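Take a look at the structure below.
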Amino acid sequence: EAGVAQSPRYKIIEKRQSVAFWCNPISGHATLYWYQQILGQGPKLLIQFQNNGVVDDSQLPKDRFSAERLKGVDSTLKIQPAKLEDSAVYLCASSLGGGWDTDTQYFGPGTRLTVL
Amino acid sequence: AQSVTQLGSHVSVSEGALVLLRCNYSSSVPPYLFWYVQYPNQGLQLLLKYTSAATLVKGINGFEAEFKKSETSFHLTKPSAHMSDAAEYFCAVSAPRGGANNLFFGTGTRLTVIP
C-alpha cells in the first residue's frame with residue numbers, strides 16, 4: 001500500500017514570495033491533515049479536512065495560509081506571502097476517518113521550507 | 001484543553017540498556033495517547049496508541065507504554081535498546097470531539113544509542 005506522498009521535499013524562497021505544497025493521501029482515506037513542525041518543536045495542526053470539507057482550521061493563519069481539497073483526495077497548502085517564521089517542515093497526514101479507536105493518522109515525509 | 005510534556009529533550013542509553021522516555025499529559029476529557037517515532041528526513045510513524053482499553057499497550061519494535069491515570073503519565077519503555085532505535089520520539093494526545101481529531105504533540109525526545 002502506497003503511503004502519503006508529498007512534494008516538493010525541499011523548498012527555499014525569499015520572504016514575501018508565495019509557495020505551495022502538495023499532498024496525496026493514502027487511497028480511501030477520507031480525512032487529511034496539514035501540520036507545521038518548527039525546528040525543535042512537535043508538529044502543530046494547521047487544518048483538518050473530512051473529504052472536501054474543513055473540520056478544523058482554528059490554528060491556520062488565514063491572513064497568509066490557505067488550503068484546499070477540492071475533490072476530496074489531493075490537497076494543496078499555500079502560503080502567500082511567506083514570512084521568515086514560516087520556515088518549518090510541513091507534514092501531511094491522512095486517516096480512514098471513522099471510529100476513533102482505530103483511526104490512525106499516517107504521515108508523509110514532509111516538505112522542508114526555508115524562508116530567507 | 002489537551003497538552004503533553006516530554007521530560008528530557010535528549011536521552012542517551014547504551015546498546016542493550018533499558019529505554020525510558022517520559023510523557024505526562026493534561027486533558028479535560030478522557031484522552032487518547034500516542035507515541036510516534038521520526039527518523040531523519042522521514043515522516044512520523046506510529047509506535048503505539050492508548051484508546052481506553054488495556055492500560056499497558058504494546059507497540060512495534062518491542063516498545064510498550066503504560067497509561068497511569070493517577071500520575072497522568074504515558075511513559076514509553078523498551079527493555080533492551082538497539083542501535084536502530086536512535087531517532088526522535090513524540091508523545092501526543094487527542095480528545096476527539098465531533099468530527100475533529102486534533103493531535104497535540106510534545107516537543108520530542110531525541111534518543112541516542114551508544115554502542
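A note on names: the letters A, B, ... follow the listed sequences, proteins ahead of strands, and every chain is numbered from 1. Bear in mind that the values here come from a model prediction, so they are computed numbers and not experimental data.
With sequence neighbours excluded, the residues forming a side-chain hydrogen bond (donor to acceptor under 3.5 Å, both in side chains) with A/Trp34 are A/Ser75, listed by chain and number. Residues meeting the ring-ring contact (aromatic ring centres under 6.0 Å, His included) test with B/Tyr25, sequence neighbours left out: B/Phe67.
Remark: side-chain polar atoms of B/His75 are paired, donor with acceptor, to backbone N or O of B/Cys23 under 3.5 angstrom.
A donor atom on one side chain and an acceptor atom on the other are found under 3.5 Å apart for A/Thr31 and A/Gln50. With hydrogens and angles left out, the side-chain atoms of A/Ser18 and A/Lys78 include no donor and acceptor closer than 3.5 Å.
Listed by first and then second residue, the ring pair (Phe, Tyr, Trp, His ring centres under 6.0 Å) pairs involving residues 47-92 of chain A are A/Phe21-A/Tyr90 (not counting sequence neighbours).
Near-neighbour residues of residues 6-14 of chain A relative to chain B, defined by a heavy atom under 4.5 Å from a heavy atom of that chain, comprise A/Arg9, A/Tyr10.
Between A/Asp86 and A/Lys15, no side-chain nitrogen of the basic residue sits less than 4.0 Å from a carboxylate oxygen of the acidic one, so the salt-bridge criterion is not met. Taking a cutoff of 4.0 Å between a charged side-chain nitrogen and a carboxylate oxygen, A/Arg69 and A/Asp74 do not qualify as a salt bridge.
With a 4.5 angstrom heavy-atom cutoff, B/Phe34 does not touch chain A via any of its atoms. Contacts between B/Leu103 and chain A at a heavy-atom distance below 4.5 Å involve backbone atoms as well as side-chain atoms. For B/Gln38, the part lying near chain A is the side chain, with the backbone staying farther off; criterion is any non-hydrogen pair under 4.5 Å.
Your options are A/Gln41, A/Arg112, A/Lys44, A/Gln37, and the one with the most heavy-atom pairs under 4.5 Å with chain B is A/Gln37. Ranked by non-hydrogen atom pairs under 4.5 Å with chain B, the options A/Pro109, A/Gly110, A/Pro43 are led by A/Pro43.
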